[in-house]
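A quick write-up on the structure given underneath.
Below, all heavy atoms of this structure are taken into account, side chains as well, without hydrogens, waters or symmetry copies. Residue numbers run from 1 in the order of the sequence given. Everything quoted here is computed from the prediction, not taken from an experiment.
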Amino acid sequence: MHEMSLCENILEIINAQADQQAFSKVDLVRLEVGPLSGVEVEALRFGFDVVMRGSVAEKARLDIICPEAAAWCASCNKTVSIIERYDPCPACGAVNLQITSGGELRIKEMEVS
C-alpha cells in the first residue's frame with residue numbers, strides 16, 4: 001500500500017508550507033488524482049486519516065478530484081479520452097497513443113487558518 005507513503009509525502013509538503021506561511025491548522029486539502037496515477041483513492045483516504053493524526057492537518061477535510069485521462073493519437077492526430085493505459089484510440093482504434101494527462105497526483109489547494 002504505497003498510498004501511506006504518498007500521504008507521508010503530502011504531510012511533509014503541508015508541514016513545509018506551515019513553517020513558511022505560519023499557519024497552524026489545515027481545514028481542507030484538495031488533491032487531484034488522475035486515473036492513471038496508480039493510486040487507490042479509498043486507500044489514499046484511509047492513509048490520509050492515519051498519517052494526518054497529531055499534525056496541523058489532523059481535522060482537515062480531504063477532497064479528491066479525479067480528472068479524466070487523455071492521450072494524443074499519432075495516427076488520427078486527435079486528443080482523446082482514455083480509461084486505462086494501453087487503451088486503443090477510441091476514434092481510430094490505433095494503439096500508438098501518447099498519454100497527455102491522467103497520471104497526476106498533486107495538491108491543488110489547501111484552506112488553512
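Taken to the nearest 0.5 Å, the CG atom of L31 stands 10.0 Å off from the CE atom of M110. Between atom CD of residue E111 and atom CG of residue D27 there is a gap of 6.5 Å, rounded to the nearest 0.5 Å. To the nearest 0.5 Å, atom CG of residue L97 and atom SG of residue C92 are 7.5 Å apart. To the nearest 0.5 Å, the span separating NZ on K108 from CZ on R30 amounts to 9.5 Å. Between K59 atom NZ and K25 atom NZ the span is 8.0 Å, to the nearest 0.5 Å. Interatomic distance, CZ of R45 versus CD of E3, reported as 12.5 Å (0.5 Å rounding).
Two residues are said to be in side-chain contact when any heavy atoms from C-beta on lie closer than 4.5 Å; L36 and I82 meet this criterion. Side-chain contact check for W72 versus N77: some heavy-atom pair is nearer than 4.5 Å.
When hydrophobic clusters are built by joining Ile, Leu, Val, Met, Phe, Trp and Tyr residues whose side-chain heavy atoms come closer than 4.5 Å, directly or via intermediates, I64 is grouped together with V26. Put simply, V41 and V50 are part of the same group of oily side chains (I, L, V, M, F, W, Y) that touch within less than 4.5 Å, one to the next. The same ILVMFWY cluster, assembled from side-chain heavy atoms under 4.5 Å apart, contains both L105 and I107. Both M52 and I13 are part of a single hydrophobic cluster, where members link through side-chain heavy atoms under 4.5 Å apart.
Checked by atom type, the side-chain pair S75/N96 shows no donor-acceptor distance below 3.5 Å.
Across M4 and F46, no two heavy atoms sit closer than the pair CE-CE2, 4.1 Å. Closest heavy-atom contact between S37 and V33: OG-CG1, 3.5 Å. Minimum heavy-atom separation, A57 to I14: CB-CD1, 4.1 Å. Scanning all heavy atoms of the two residues, the minimum distance from P67 to P35 falls at O-CD, 3.0 Å. Taking both residues in full, the closest heavy atoms of H2 and S5 are given as O-OG, 2.8 Å, listed atom of the first, atom of the second, then distance. What you find for E58 and R53 is that their closest heavy atoms are CG-CA, 3.9 Å.
Summarising the local packing, CD of E68 is surrounded by 12 or fewer heavy atoms from other residues, nucleotides or ligands at distances under 6.0 Å. Atom CD1 of I83 has 12 or fewer neighbouring heavy atoms from other residues, nucleotides or ligands inside a 6.0 Å radius.
In this structure C7 satisfies the side chain to side chain contact (heavy atoms under 4.5 Å, CB included) test together with L44, F48, V51, sequence neighbours excluded.
When atom types are taken as modelled, the side chain of E104 and the backbone of G102 share a donor-acceptor pair closer than 3.5 angstrom.
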